[in-house]
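There's a structure below that I have some questions on.
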Amino acid sequence: MSLEDELLKQRLNRIREIEALGYRPYGRRYEFTSTIPEILAEHGAQTAEELSPEVRLRVAGRLMTLRHMGKAGFAHLQQNGERLQIYVKKDAVGERDFQLFKMLDMGDIVGVEGYLFRTRTGELSIHAEKLEFLSKTLLSMPEKWHGLEDVEIRYRQRYLDLIANPEVRKVFVTRARIIAVLRRELEARGFIEVETPMMQPLYGGATARPFVTHHNTLDIDLYLRIAPELYLKRLIVGGLERVYEINRNFRNEGLSKQHNPEFTMLEFYQAYTDYRGLMDLSAELLARVAMEATGSGVVEYLGHKLDFTRIERFSMREAVMRFWEGEGCPTVEDVSDPAWLRLHSDKATTGEALADIFERHVEAKLIQPTIIFDYPVETSPLSKNKPEEPAFVERFEIYAAGMEIGNAYTELNDPQEQRRRFEMQFAMRERGDEEAHQMDEDYVRALAYAMPPTGGEGIGIDRLTMILTGARSIRDVILFPLLRPEGPIGLADQLRQFDQP
RNA sequence: GGGCGCGUAGCUCAAUUGGCAGAGCAACUGACUCUUAAUCAGUAGGUUGAAGGUUCGAUUCCUUCCGCGCUCACCA
């Protein structure tokens, strides 16, 4: 019999022993008086004297350490990522509860009733007077002081990661707070949250390859959305003048430290503003989110201090000049000169060449939060042209730590121009660009009912969370990142082998 | 998809030039009524990711496959 089988058998035997003592191996409702973090917050600084008269409590949690000493013992209970020690003395809990205590395994979930005290070494602890058994672990916990380090297990079995690595819990608590702050700030500005289709007959709003699925009854293929954009703007047409959506987008692309096939995007649209208005709003939102998520508008990320309180702004052409490194730094004339652009990129048009040069020479250097504005029209099929410079559009992206975290523009609301853009995209598609936009005729029809001038923006929640939590990989901010399927686990077979009616 | 690297006990990791697979934690037995990486004495635990090859002998060298990581390409 393998070690794993023996361990499982021991634990299953122990369930019967626990039952024989008169406890349920999988307990019921347990009324605790406060959570462990609450107890630590309230009493963590109190001296032994201040803990009298007795503070009586009922707490529940997972057993994370266990130290037996004959007729007494210590253990730590963990709840909501924090630990409180319990002291179990035979004289205090009685014969039956002490028998139970001796049977406990690390990872078991128990309830403890008793009073707070300080041990000889000063640690706040509960002097147990009554134990309740709440749930049995059959598998052993990760190693106690290295924690769980195997990256694959951390992602596949995130529950173990969350039990063993308290900082992981903090990342996801921060992620939740980031989203909550964004919702609150947008609501405060009159935005309403909406939900638009994830399954779409046409995909659009971004350049990416989609996932395809199928609806049986209608017998049609549908695409998992690559962006909600075109639906949100239909709502602007309909008079929902400030809308936002925080939800998943799906892009059938490669995986990397900055890319997961499903990722969370905030998109918001505001009627009667433009990209300048959104720059100001973005700066306010980001500063506020950074402050509330980390306690400061200046955030440390992988050795850099990122200042979200003053976000610099450059046009794409300025950025190419400013961040160019090495020989041949371009001049103002160069960055607008088709010959110079063609010389430094093999892209088909001057606009695509500029964007290409920007991506290769500048993007990775944008460590400080930075807004880059005025994009070439070729790369922006849904943005409005700059009136004085029709080859460019009123668009900006937000960069931080070398990553693109936001994208915004003055929305194109001229249906005739939108039709031309779709047809231009179609031509790019004919030339082999699989990611070029499809024609969405209903969207053109919506614009034909008149959409107010509008600014729209998307912010990548995962990447923003990476920066605000110090995560190197997008997988560290997504609870269950996409991995290859694991294959047979074998636990069901093991359990069946030891199942006794 | 390409390149590089990793995979050893439940967990974290060793193993010299190719020469008897090991430690700590976890587990099990026992001692211990203020410990906290508790301590002390003892016990058990391995298809070295999988399959094949070279060799007297493979954790070690070779091939293929599986999984993961890094990186490049693509993308946000």
Side-chain angles (χ1 to χ4, degrees), chain A residues 1-11 13-14 48 64-76 83-93 98 101 105-107 117-125 127-128 137-157 160 164 205-210 226-227 249-267 359-360 363 397-399 402-407 433-435 458-464 466 472-475 481 483-488 491 494:
Chain A
M1 191 188 295
S2 75
L3 173 68
E4 231 180 318
D5 281 353
E6 270 177 49
L7 196 110
L8 192 57
K9 196 176 174 188
Q10 280 165 16
R11 297 285 171 92
N13 283 338
R14 198 149 273 181
M64 297 305 287
T65 68
L66 202 46
R67 295 174 293 282
H68 289 287
M69 295 176 325
K71 297 183 181 62
F74 289 91
H76 277 100
R83 293 182 183 188
L84 178 64
Q85 181 169 261
I86 61 170
Y87 176 53
V88 181
K89 192 165 69 166
K90 189 173 179 180
D91 295 346
V93 297
F98 198 72
F101 178 66
D105 290 301
M106 286 199 283
F117 77 114
R118 287 216 174 256
T119 63
R120 205 163 282 168
T121 54
E123 179 168 349
L124 184 70
S125 307
H127 197 288
T137 177
L138 297 179
L139 302 172
S140 47
M141 287 291 112
E143 213 261 4
K144 76 176 162 195
W145 70 82
H146 290 98
L148 178 63
E149 294 184 348
D150 184 315
V151 198
E152 182 178 351
I153 298 176
R154 287 190 43 226
Y155 296 148
R156 283 198 194 283
Q157 296 176 259
L160 278 185
T207 53
R209 279 148 62 195
I226 59 174
N249 289 346
F250 307 87
R251 299 190 186 171
N252 206 338
E253 315 267 351
L255 293 81
S256 83
K257 277 196 292 189
Q258 285 143 39
H259 300 84
N260 193 64
E262 55 176 319
F263 63 102
T264 300
M265 184 91 116
L266 160 67
E267 285 205 14
E359 280 168 23
R360 284 186 292 113
E363 203 171 300
E397 293 196 349
I398 307 165
Y399 288 86
M403 291 189 292
E404 183 189 332
I405 59 171
N407 178 23
D433 185 347
E434 283 182 57
E435 297 179 353
I459 291 178
I461 298 297
D462 310 278
R463 289 181 178 180
L464 181 59
M466 283 171 69
R472 285 171 182 278
S473 168
I474 198 166
R475 289 180 163 185
L483 302 174
R484 281 197 173 78
E486 175 176 26
L491 180 61
Q494 289 175 298

Exercise for the section: Could you tell me how the ring of A:Phe117 sits relative to the ring of A:Tyr87: parallel (under 30°), tilted (30 to 60°) or perpendicular (over 60°)? Expected result: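 Taking A:Tyr87 first and then A:Phe117, their aromatic rings sit tilted (interplane angle of 30° to 60°).
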Exercise for the section: Would you classify A:Gly254 as touching base, sugar-phosphate or nothing, given that sugar-phosphate means primed atoms plus P, OP1 and OP2, and contacts are heavy atoms under 4.0 Å? Expected result: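 The answer is base, as A:Gly254 lies within the cut-off (heavy atoms under 4.0 Å) of a base atom.
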Exercise for the section: Would you mind classifying the nucleic acid contact of A:Phe98 as base, sugar-phosphate or nothing, using non-hydrogen atoms under 4.0 angstrom? Expected result: nothing
Practice task
Looking at every strand, decide which applies to A:Arg83 at a 4.0 Å heavy-atom threshold: base, sugar-phosphate, or nothing.
Solution key: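 No contact.
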Exercise for the section: For A:Met69 and for A:Glu404, locate the closest nucleotide of RNA chain B by heavy-atom distance; then report the residue assigned to the nucleotide nearer the 5' terminus. Expected result: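 Its nearest nucleotide being more 5', the pick is A:Met69.
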Problem - Touch class at under 4.0 angstrom, heavy-atom based, for A:Thr65 against every strand present - result: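 Nothing, no heavy atom under 4.0 Å.
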Practice task
Can you tell me which stems involve RNA chain B, if a stem is defined as three or more consecutive Watson-Crick or G-U wobble pairs, both distances under 3.5 Å?
Solution key: B:1-7 with B:66-72, B:10-13 with B:22-25, B:27-31 with B:39-43, B:49-53 with B:61-65
Problem - Sugar-phosphate only, base, or nothing, as touched by A:Asn252 at under 4.0 Å among non-hydrogen atoms - result: nothing
Practice task
Tell me what A:Asn249 touches on the nucleic acid: a base, only sugar-phosphate, or nothing, going by heavy atoms under 4.0 Å.
Solution key: nothing
Practice task
Give A:Met403 one of three labels, base, sugar-phosphate or nothing, depending on what nucleic acid heavy atoms sit under 4.0 Å from its own.
Solution key: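 Here A:Met403 touches no strand at all.
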Practice task
Run through A:Gln258, A:Met466, A:Met403 and flag the one making a side-chain contact (heavy atoms from CB on, under 4.5 Å) with A:Ile474.
Solution key: A:Met466
Exercise for the section: Report which part of the nucleic acid A:Ser256 touches: base, sugar-phosphate, or nothing (heavy-atom distance under 4.0 Å, all strands). Expected result: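 The answer is nothing, as A:Ser256 stays clear of every strand by at least 4.0 Å.
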Problem - Stacked pair A:Phe263-B:A76, distance under 5.5 Å, angle under 30° - result: yes
